[in-house]
S.K.: 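Encoded as structure tokens, here's the structure I'll be asking about.
Since we're looking at a predicted model, the values are computed, not measured. Any value given below was found using the heavy atoms of this structure, including those in side chains, with hydrogens, waters and symmetry copies removed. Per chain, numbering begins at 1; letters A, B, ... match sequence-line order.
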Number of protein chains: 2
Amino acid sequence: MTADREDARLIVSRHAAKLFLERGVAGTSGDDIAEAAGLSKRTVWRYFRSKEACVEPLFSASSLRFASVLREWPLQTSIEAYLHEAIRPLDQTPQEIADDVLAVRLVALLPAEPALRTAWLMSCHVGEEQLIDVVAQRSRRLPTDFDVRLCAAAVMAALRVVDEDVSTAAITESRKFELPDIIDQMAKAIRTASTLPICDPVGP
Amino acid sequence: MTADREDARLIVSRHAAKLFLERGVAGTSGDDIAEAAGLSKRTVWRYFRSKEACVEPLFSASSLRFASVLREWPLQTSIEAYLHEAIRPLDQTPQEIADDVLAVRLVALLPAEPALRTAWLMSCHVGEEQLIDVVAQRSRRLPTDFDVRLCAAAVMAALRVVDEDVSTAAITESRKFELPDIIDQMAKAIRTASTLPICDPVGP
DNA sequence: TCTATTCTGTCACTAAGTGACAAGAGGTCG
DNA sequence: CGACCTCTTGTCACTTAGTGACAGAATAGA
């Protein structure tokens with residue numbers, strides 16, 4: 001009851017991420033990951049379909065948190081106002097912060113580790129699916145609507161580019177970012193990329 | 001000189017695609033692909049980093065052709081006018097048509113074969129990189145510009161959604177499409193998703 | 001508490017993927 | 001033409017990613 005399957009996957013994900021960062025993807029075996037996580041190799045392969053997929057939960061974690069924030073987005077609020085109000089450093093647990101740092105370092109590693117990109121893109125895909133519902137609600141359409149899916153895809157793509165941009169700048173150029181600035185970037189990207197009028201207050 | 005490496009990869013890709021469609025991904029081994037392509041297993045693994053990646057060239061083929069069409073897009077022409085003028089059925093070789101059909105069938109298979117999605121997304125990623133140059137030229141900015149990359153990502157995401165939508169409709173619902181309609185959809189998607197003014201005639 | 005179910009580890013196995021090396025297919029220069 | 005160079009391929013042995021089958025531990029529910 002304490003740790004359900006998704007939690008367990010995330011825990012393994014953290015170990016895998018650290019190993020990938022330390023020794024590279026090719027330099028870490030499934031056994032290494034299993035050992036670090038205190039599991040049998042067999043269980044690791046039950047959790048993940050491939051070695052690279054071991055980091056997907058970590059990648060997805062922030063997307064999922066972001067999506068769950070957006071799910072609470074009141075119809076009457078603009079994206080800028082809402083994000084600044086809803087995302088505050090104090091709300092983040094140390095674990096979440098550590099996960100974000102790990103994810104950022106992994107994203108910065110993408111150019112050097114092409115194998116990780118599949119995991120990254122798959123995580124963005126699940127993020128996109130989460131966004132579909134948000135867009136559907138704010139545009140008062142169905143999640144199956146073509147324009148809704150297109151909007152969600154465009155928005156997710158924009159968020160991905162921001163993520164990659166910030167991550168590489170932070171790691172490879174050692175640039176420092178303040179949370180409000182990142183929120184501004186995210187909000188601006190969402191507003192720019194959204195193809196349906198979801199960013200400003202909608203209806204009653 | 002006749003068949004360079006990329007051509008060889010594409011040829012293998014066709015065999016892999018057919019096998020995946022016939023027997024499923026899990027049901028076809030690397031040996032099967034190698035045998036079908038008339039190559040040794042070793043060469044297949046020299047061409048591709050994984051079994052699923054064997055279909056990437058096929059996925060990328062249409063993106064690459066589309067991108068090369070867009071590369072010729074004159075600055076004074078709108079996206080709708082140009083696409084209708086530049087894409088004509090008669091220009092397509094039988095091989096290209098067959099490749100497109102294969103790609104469409106594979107895309108329609110994505111829900112049933114999650115393993116293929118990594119290959120699909122990676123191909124969309126290379127398509128995105130191609131688009132960056134097009135967007136850069138039409139917006140008179142550098143390919144490294146953040147807004148250029150964001151626009152390319154949004155446009156590619158839109159094209160991907162169109163592709164997935166058309167493919168599933170064509171295969172799973174047996175819907176028939178006429179080329180002009182698809183071009184309309186593509187153009188509309190590009191116009192909708194583009195975050196920079198690239199769709200209409202731009203300066204001299 | 002007994003039981004049904006779900007989860008995990010062990011172990012043997014298949015198949016994906018790599019390293020090392022030798023043989024062949026051009027290409028260039030004398 | 002032959003000698004040489006380079007690039008690609010196949011062979012084979014090998015490592016490791018990933019699966020199937022089963023038995024034991026854990027957990028939920030009555």
S.K.: Of the options D/dG10, C/dG17, C/dG9, whose atoms approach the side-chain atoms of A/S40 most closely?
M.R.: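 Minimum distance to the A/S40 side chain belongs to C/dG9.
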
S.K.: Do the side-chain N and O atoms of B/Q137 and B/W73 include a donor-acceptor pair separated by under 3.5 angstrom?
M.R.: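 There is no such pair between these side chains.
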
S.K.: Tell me the interatomic distance from B/R5, atom CZ, to D/dT9, atom C1', rounded to whole angstroms.
M.R.: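 In whole Å, D/dT9 C1' and B/R5 CZ are 11 Å from each other.
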
S.K.: Rounded to whole Å, how long is the line connecting atom NZ of A/K41 with atom P of D/dT15?
M.R.: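 After rounding, the reported distance stands at 13 Å.
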
S.K.: Quick one: is C/dC7 close enough that its OP1 or OP2 comes under 4.0 Å of any side-chain N or O from A/Y47?
M.R.: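 The answer is no; no side-chain N or O of A/Y47 sits under 4.0 Å from OP1 or OP2.
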
S.K.: Do the side chain of B/R46 and the base of C/dG17 come within less than 3.5 angstrom through a donor-acceptor pair of N or O atoms?
M.R.: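 A donor-acceptor contact between them is absent.
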
S.K.: Taking the side chain as every heavy atom from C-beta outward, state whether A/F20 and A/K51 have any pair of such atoms under 4.5 Å apart.
M.R.: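 Yes, their side chains come closer than 4.5 Å.
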
S.K.: Mind calculating the distance between CG (A/L39) and C1' (D/dA17) to the nearest angstrom?
M.R.: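 One finds 17 Å between C1' of D/dA17 and CG of A/L39, rounded.
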
S.K.: What is the distance, rounded to the nearest whole Å, between atom CD of A/E35 and atom C1' of C/dG9?
M.R.: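 Computing the A/E35:CD to C/dG9:C1' distance gives 15 Å.
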
S.K.: Whole angstroms only, please: what is the CZ-P distance between B/R9 and D/dT9?
M.R.: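 My rounded result for the distance is 12 Å.
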
S.K.: Would you tell me whether A/S40 and A/T43 have side-chain atoms, one donor and one acceptor, within less than 3.5 Å of each other?
M.R.: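 On atom types as modelled, these side chains qualify, holding a pair under 3.5 Å.
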
S.K.: With a 3.5 Å cut-off and no angle check, do the side chains of A/D184 and A/H84 form a donor-acceptor pair?
M.R.: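 Distance-only check passes for A/D184 and A/H84.
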
S.K.: By nearest atom, which of the nucleotides C/dG19, D/dA21, D/dA17 is closest to the A/R42 side chain?
M.R.: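 My answer, after comparing the listed nucleotides, is D/dA21.
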
S.K.: Separation of B/F48 atom CZ from C/dG17 atom P, in whole Å?
M.R.: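 To the nearest whole Å, that distance equals 12 Å.
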
S.K.: Round to a whole Å and report the spacing from CH2 of A/W45 to C1' of C/dA12.
M.R.: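 Taking CH2 of A/W45 and C1' of C/dA12, I get 18 Å after rounding.
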
S.K.: Can you figure out which of C/dT8, C/dT10, D/dG18 approaches the side chain of A/K51 most closely?
M.R.: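 Between C/dT8, C/dT10, D/dG18, the one nearest the side chain of A/K51 would be D/dG18.
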
S.K.: Take the protein atom CG of B/D4 and the nucleotide atom P of D/dT8, then report the distance between them rounded to whole Å.
M.R.: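 The answer, rounded to whole Å, is 10 Å.
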
